[in-house]
A.B. asks: 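Below is a structure I'd like to ask you about.
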Amino acid sequence: MKRWYLLLAGCFLIMACSGEKGPVRPYPAAEIPAVPEITQRRIRGNSETVTIGFSIATDTFIIERWNKDVKVFSGAAQELGAEVIFQLSAGGIREQIAQINYLVNSNIDILVVVAHDTDMISGAVKQVRDMGIPVVCYDRMVMGVPIDAYISFDNTEVGRHFGRALTGAVPTGNYLIVNGAVSDSNSRKVNQGLHEIIDPLVESGAIRIVREVWLDEWSHDEALEKIEAVFAETTDIDAISCGNDQIASAAYQLLSERRLAGKVKIAGQDADLINCQRIAEGTQLMTVYKPIGRLAVRAAELAVALAQNRAIPYDALMDNGSGTMIPSYVEMPVAVCSDNMDGTIIKDGFHSAADVYRNVIR
């Protein structure tokens, strides 16, 4: 029988992007969590069954798209004959490290991790690999230590999609940039891609960045607070780049309260249903769609192969600051606006036409 341990059962039903321009994050030694002692792992026997430990951060799981990742990964792993033990960390980085300890002591053959903090989890990841257990970083690259594989979307391209869409709609004007969690290395990649596109226009004077802010966490409430602080000073804003669709929803809410919804162009990512509905309605400009099905299936295949000491050709080698280039498996994101919604998100079955166009007369 397959073993499934999933904390906070029912989370499947709730709704749920390293560049030089990102802020430098100091980590005093006193703030770095101690890595729990991990007992000696078992020696892998001749069993054909692979046991995958999957550790996922709480702040990630409440985002709509991640429910899809986990479901697809689970189904693909089952079809490959693998067992999956899920652990959902409810207490941030310290809890996630403790749960990685639990997974290792559950005799996993490979660890797949979506890190709460891509820097602070590095000590735990190093200890796992030192015990001979391969580590795959799913979507978020753990920084500063060697890992066995990284699989994600091209997050720099996500930022370029933001820049292309916004500058196409608003070639001149005032921009607000609301970046994602500073604890997520992908946020800095997205920011890098965005600035590749908009910086020449900033230098020419066509675009003025009113404010650029960073979130501590992927938090709708924090986004509300920080965007509202900007709006208290000025609402003379023509475009808002949002780290993801949760942040875009916070921007939409505050714009609606000021009767500015639809007048200010908003870009986000993850193709959450409500944001796709807003694109159809004309109150959000675009979202970046990530074909999660392809990524999650590929990740499951990769995890099983690595656990069985089989090599899968990588797409690229990436630098995570560890001194070792990381074999990386990269899928391409897709910019979705109102004119290609049908041919992307709906065609792929990510959302149904009935749901996306629920409030639109076609």
Side-chain angles (χ1 to χ4, degrees), residues 2-9 11 25 27-45 47 49-62 66 69-70 73-74 77 82-151 181 183-185 217-218 299-300 302-304 306-309 320-322 324 326:
K2 308 299 179 187
R3 296 182 299 167
W4 298 88
Y5 298 92
L6 179 58
L7 295 184
L8 304 181
C11 281
R25 305 182 64 222
Y27 290 106
E31 293 185 9
I32 301 178
V35 180
E37 180 179 355
I38 298 175
T39 61
Q40 183 64 39
R41 71 169 296 207
R42 65 177 170 87
I43 302 299
R44 179 168 169 76
S47 171
T49 300
V50 169
T51 301
I52 303 170
F54 198 126
S55 173
I56 188 166
T58 304
D59 67 322
T60 294
F61 202 73
I62 63 173
W66 288 94
D69 288 77
V70 169
F73 182 95
S74 302
E83 300 178 0
V84 183
I85 306 175
F86 278 100
Q87 287 286 285
L88 173 62
S89 55
I93 186 63
R94 295 179 186 275
E95 181 68 16
Q96 185 165 32
I97 290 173
Q99 291 184 351
I100 288 173
N101 176 46
Y102 167 79
L103 289 170
V104 171
N105 289 325
S106 298
N107 292 329
I108 61 172
D109 298 301
I110 188 164
L111 174 67
V112 179
V113 60
V114 181
H116 177 85
D117 187 302
T118 56
D119 293 288
M120 295 183 75
I121 203 171
S122 59
V125 167
K126 181 180 184 302
Q127 190 171 2
V128 172
R129 291 192 76 249
D130 285 348
M131 299 183 68
I133 301 174
V135 176
V136 175
C137 290
Y138 188 103
D139 196 69
R140 297 177 179 176
M141 177 81 87
V142 170
M143 307 303 292
V145 293
I147 58 172
D148 295 273
Y150 166 65
I151 184 164
S183 60
D184 185 348
S185 58
E217 305 286 347
W218 290 105
L302 176 62
V304 172
L306 289 175
Q308 297 174 337
N309 296 315
N320 73 338
S322 67
T324 299
I326 308 302

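Hydrogens, waters and symmetry mates are skipped; everything else that's a heavy atom, side chains included, is used.
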A.B. asks: Mind listing the closest non-hydrogen atom pair of G132 and P134 along with its distance?
C.D. replies: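 Answer, listing the atom of G132 first, then P134: O-CD, 3.6 Å.
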
A.B. asks: P146 and S322: which non-hydrogen atoms are nearest, and at how many Å?
C.D. replies: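 Closest approach of P146 to S322, heavy atoms only: N-CB, 3.5 Å.
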
A.B. asks: Are Q127 and I100 close enough, and set up right, to give a side chain to side chain contact (heavy atoms under 4.5 Å, CB included), and what steps lead you there?
C.D. replies: CA-CA 10 Å; Q127 190 171 2; I100 288 173; over 6 Å; no

A.B. asks: Identify, with sequence neighbours excluded, every residue that meets side chain to side chain donor-acceptor pair (under 3.5 Å) alongside T324.
C.D. replies: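 With neighbours one apart ignored, the set is empty.
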
A.B. asks: Report the relative orientation of the aromatic rings in Y138 and F73; use parallel for angles under 30°, tilted for 30 to 60°, perpendicular for over 60°.
C.D. replies: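 Taking F73 first and then Y138, their aromatic rings stand perpendicular (interplane angle over 60°).
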
A.B. asks: Quick one: does any side-chain atom of T118 pair with a main-chain N or O of S183 as donor and acceptor, under 3.5 Å?
C.D. replies: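 At least one qualifying donor-acceptor pair exists.
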
A.B. asks: Examine distances only and state if a side-chain atom of N320 and a backbone atom of V145 form a donor-acceptor pair shorter than 3.5 Å.
C.D. replies: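 Judged by distance alone, yes, a pair lies under 3.5 Å.
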
A.B. asks: What residues form a side chain to side chain donor-acceptor pair (under 3.5 Å) with D130, not counting sequence neighbours?
C.D. replies: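 Scan of D130 (side chain to side chain donor-acceptor pair (under 3.5 Å), adjacent residues dropped) gives K126.
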
A.B. asks: So, applying side-chain contact (heavy atoms from CB on, under 4.5 Å) with L306, which one of I110, V135, V112, D109 is it?
C.D. replies: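 Answer to the side-chain contact (heavy atoms from CB on, under 4.5 Å) test with L306 among I110, V135, V112, D109: I110.
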
A.B. asks: Where is the tightest heavy-atom contact between C137 and V142, given as atom of each residue plus distance?
C.D. replies: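 Shortest heavy-atom contact: SG-CG2, 3.4 Å.
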
A.B. asks: Looking at CD1 of I56 and CD of Q96, how far apart are the two atoms once the value is rounded to the nearest 0.5 Å?
C.D. replies: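 Going from CD1 on I56 over to CD on Q96, the span is 9.0 Å.
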
A.B. asks: What's the spacing between E95 CD and S55 OG if we round to 0.5 Å?
C.D. replies: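 That separation rounds to 9.5 Å.
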
A.B. asks: Give me the atom names and distance for the closest heavy-atom approach of A77 to A300.
C.D. replies: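 A77 and A300 have their closest heavy atoms at N-CB, 3.9 Å.
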
A.B. asks: Within the side chain of Q87, is there an N or O that forms a donor-acceptor pair under 3.5 Å with the backbone of Q99?
C.D. replies: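 Here the side-chain-to-backbone pair does not exist.
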
A.B. asks: Hey, what do you get for CD1 (I85) to CG (N107), rounding to the nearest 0.5 Å?
C.D. replies: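 Rounded to the nearest 0.5 Å, the CD1-CG separation comes out at 8.5 Å.
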
A.B. asks: Of the non-hydrogen atoms in I93 and H116, which two are nearest, and what is the gap between them?
C.D. replies: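 Distance-wise, the nearest heavy atoms are N-CD2, 3.6 Å.
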
A.B. asks: Would V104 and L111 satisfy side chain to side chain contact (heavy atoms under 4.5 Å, CB included), going step by step from the backbone distance to the final call?
C.D. replies: CA-CA 8 Å; V104 171; L111 174 67; 5.7 Å; no

A.B. asks: Counting distance only, does the side-chain N/O of R140 pair as donor-acceptor with the main-chain N or O of A115 below 3.5 Å?
C.D. replies: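 Yes: the side chain of R140 pairs with the backbone of A115.
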
A.B. asks: Search all heavy atoms of A82 against all heavy atoms of V304 and return the closest pair with its distance.
C.D. replies: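 Smallest heavy-atom distance, with atoms named: CB-CG2, 4.0 Å.
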
A.B. asks: Under 3.5 Å, is there a donor-acceptor pair between the side chain of D119 and the main chain of M143?
C.D. replies: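 Side chain of D119 to backbone of M143: no pair is present.
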
A.B. asks: Would you call V84 and F86 a side-chain contact if the rule is heavy atoms closer than 4.5 Å?
C.D. replies: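 Answer yes - side chains close enough.
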
A.B. asks: Looking at residues at least two apart in the chain, or sitting in another chain, which of them share a ring-ring contact (aromatic ring centres under 6.0 Å, His included) with Y150?
C.D. replies: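 If we apply the ring-ring contact (aromatic ring centres under 6.0 Å, His included) test to Y150, skipping adjacent residues, there are no hits.
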
A.B. asks: Would you give the length of the straight line joining atom OG1 of T51 to atom CD of E83, rounded to the nearest 0.5 angstrom?
C.D. replies: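 Those atoms lie 4.0 Å apart.
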
